[in-house]
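Down below is the structure, laid out as structure tokens.
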Amino acid sequence: MSHDIKYVDVTGRSWSLYGEDAGTEGVWILDRLKGFYLPPAERLTSTTANQIGSTPRKTVQNERILEMLICTTADTTDDHDKVESDWWSGLSLEQAGRLEATADGKTRWLDVILKEYPNDTWILGPDINNYQEHDMRLVACNPAFQGGTRSVEVTGSGTFNITVSNPTDRPMWLNFVGTAGTWKIPDGLSSRMVTLPALAEGWKLWTDPQVRSLEVDSGAPVWPSVMKGVTFTKAIPPHTKKTLIHPQIVSGSGTLRVEMVDQYSRPWG
């Protein structure tokens, strides 16, 4: 099974950085890629003056900083200048590109921006050798590798039986998209139901406490004014096999879509 790493830049160009096609576009990773494989998680602890050891408190997941040494090369000076120009025009301090990792035909990705421009040493004679190295630093503000979104949509009345699963190694917070009406949404896999206010138009709900948003089709976020402190507390645990959840529409009929956003700690495996 081969592993491949590509960067899709802000202009849409694709750069093969590692794997069977590495260097096809004139850029590839040399001997270092730091922060790529394992997540940037840290367990925080506290201790008192006379305590032996420490007390675990919480786990913090920071942004993912990626450090990689790449080189650019070409057959002629003009071609090398173009590779350099295209590479740097595809990176941004503000707009995200996509760093893709593929193994066994499955792709996961990070949305990355340039952390800073490298203060590289100018290699002697790059205009003669058509070769230059760059010590890159990229940042993924969301440290999780994205695996895409799966969805299930049903139409009917009363209680719905919807199959969800979480094949990833991270907790999964479900998204719900529904038509007008009054809906009851399950809190993860628990028996607790959260009743949404009666909505006169289509809506989308993010249960993730990092997002915690309820928006209607007209575009306005309505969570703070209508939820009144009520929130969701349960995610779908990692490695959850297919199981049923039971959202409800209080009266009449409607359509509900459940979105499962797959996020992983590592690029493969």
Value for CG (Leu174) from CD1 (Ile245), rounded to nearest 0.5 Å, stands at 5.5 Å
To the nearest 0.5 Å, atom CD of Gln210 lies from atom CD of Gln61 at 9.0 Å
Going by chain and number, the hydrophobic cluster around Val139 (ILVMFWY, side chain to side chain under 4.5 Å) further includes Ile65, Ile113
Exercise. Could you walk me through whether Leu256 and Ile162 pass the side-chain contact (heavy atoms from CB on, under 4.5 Å) test, one step at a time?
Key: CA-CA 10 Å; Leu256 185 70; Ile162 298 179; 4.1 Å; yes
Within the structure provided, determine whether Asn166 and Met260 are in side-chain contact (heavy-atom separation under 4.5 Å). no
- Query: For the side chain of Glu201 and the backbone of Ser218, is there at least one donor-acceptor N/O pair under 3.5 Å apart?
  - Reply: yes
Mind running side-chain hydrogen bond (donor to acceptor under 3.5 Å, both in side chains) on Glu100 and Thr107 for me, showing each step along the way?
-> CA-CA 7 Å; Glu100 296 182 345; Thr107 298; 5.4 Å; no
Could you tell me whether a side-chain N or O of Ser16 sits under 3.5 Å from a main-chain N or O of Trp28, the two making a donor and an acceptor? no
- Task: Check the surroundings of atom NZ in Lys234: do more than 12 heavy atoms from other residues, nucleotides or ligands lie under 6.0 Å from it?
- Result: no
Check your understanding: Should the heavy atoms of other residues, nucleotides or ligands under 6.0 Å from CD of Glu20 be counted, would the total exceed 12?
Key -> no
Show your working on side-chain hydrogen bond (donor to acceptor under 3.5 Å, both in side chains) between Ser151 and Arg257 and close with a plain yes or no.
CA-CA 7 Å; Ser151 63; Arg257 183 172 76 247; 4.8 Å; no
Sorted by chain and number, sequence neighbours left out, side chain to side chain donor-acceptor pair (under 3.5 Å) with Thr11 holds for Asp9
For Ile70 and Met136 the tightest heavy-atom approach is CG1-CG, 3.6 Å
Heavy atoms, side chains only, cut-off 4.5 Å: are Arg57 and Thr45 in contact? no
Is the shortest side-chain heavy-atom distance between Met172 and Thr240 below 4.5 Å? no
From the list Trp87, Trp88, Tyr7, ring-ring contact (aromatic ring centres under 6.0 Å, His included) with Trp15 holds only for Trp87
Review point. Got a sec: does the CG of Asp75 have more than 12 other heavy atoms crowding it under 6.0 Å?
Key: no
Here the pair of heavy atoms bringing Leu114 nearest to Leu93 is O-CD2, 3.1 Å
| message | What I'd like to find out is whether the side chain of Thr179 reaches to under 4.5 Å of the side chain of Thr155, using heavy atoms alone. | response | no
Joining Ile, Leu, Val, Met, Phe, Trp and Tyr whenever any side-chain heavy atoms lie under 4.5 Å apart, the cluster holding Val261 also takes in none
In this structure, OG1 of Thr72 is separated from NE2 of His134 (nearest 0.5 Å) by 4.5 Å
*Let me see the working for Met68 and Leu138 under side-chain contact (heavy atoms from CB on, under 4.5 Å), right down to the final yes or no.*
CA-CA 8 Å; Met68 60 182 181; Leu138 307 175; 3.7 Å; yes
Donor-acceptor pairs are to be reported for all side-chain atoms of residues 29-42 against protein atoms at under 3.5 Å, with residues two or more places apart or in another chain.
unit_1 : atom_1 : unit_2 : atom_2 : d
Arg32  : NH2    : Asp135 : OD1    : 2.7
Arg32  : NH2    : Asp135 : OD2    : 3.0
Tyr37  : OH     : Arg266 : NH1    : 2.6

- request: Would you check if Tyr264 and Pro167 make a side-chain contact, meaning some heavy-atom pair closer than 4.5 Å?
  value: yes
> Hey, are Lys82 and Asp86 close enough for a salt bridge, meaning a charged N less than 4.0 Å from a carboxylate O?
Replying inline: yes
For Val60, the other hydrophobic cluster members (4.5 Å side-chain criterion, sorted by chain and number) are Leu44
>> Do Gln132 and His80 have side chains that approach each other closer than 4.5 Å (heavy atoms only, starting at C-beta)?
In response: yes
| query | Is it true that Glu25 and Arg13 have a side-chain N and a carboxylate O under 4.0 angstrom from each other? | reply | no
The reported gap from CG in Leu199 to OG1 in Thr182 (rounded to nearest 0.5 angstrom) is 7.5 Å
Smallest heavy-atom separation, Gly97 atom then Val10 atom, equals N-CG1, 4.1 Å
message: Run Gln263 and Asn142 through side-chain hydrogen bond (donor to acceptor under 3.5 Å, both in side chains) and show every step you take.
response: CA-CA 10 Å; Gln263 300 189 94; Asn142 181 352; 3.1 Å; yes
Notebook entry, point to check: Has the side chain of Thr77 got a donor or acceptor atom that lies under 3.5 Å from a matching backbone atom of Asn130?
Noted result: no
Problem set entry | Side-chain heavy atoms of Arg150 within contact of Ser165, under 4.5 Å | yes
Shortest non-hydrogen pair, Pro186 vs Met193, comes out as CA-SD, 3.7 Å
Closest heavy-atom pair, Val83 versus Ala74, reported as atoms and distance to 0.1 Å, is CG2-CB, 4.4 Å
Contacts satisfying ring pair (Phe, Tyr, Trp, His ring centres under 6.0 Å) that involve residues 158-178 (not counting sequence neighbours) are Phe160-Trp183
For Asp187 and Ser190, the nearest pair of non-hydrogen atoms, with its separation, is O-OG, 2.7 Å
For this session: Would you check if Asn175 and Val211 make a side-chain contact, meaning some heavy-atom pair closer than 4.5 Å?
Result: no
Here the gap from Thr243 atom OG1 to Ile236 atom CD1, rounded to the nearest 0.5 Å, amounts to 8.0 Å
- Query: Do you reckon Tyr117 sits in the same ILVMFWY cluster as Leu66, going by side-chain contacts under 4.5 Å, direct or chained?
  - Reply: yes
inquiry  = Using the rule given for side-chain contact (heavy atoms from CB on, under 4.5 Å), can you reason through Asp104 versus Trp268, listing the C-alpha separation, both sets of side-chain angles and the distance that settles it, and then say yes or no?
reply    = CA-CA 9 Å; Asp104 198 24; Trp268 40 65; over 6 Å; no
NZ of Lys241 to OG1 of Thr163, rounded to nearest 0.5 Å, is 14.5 Å
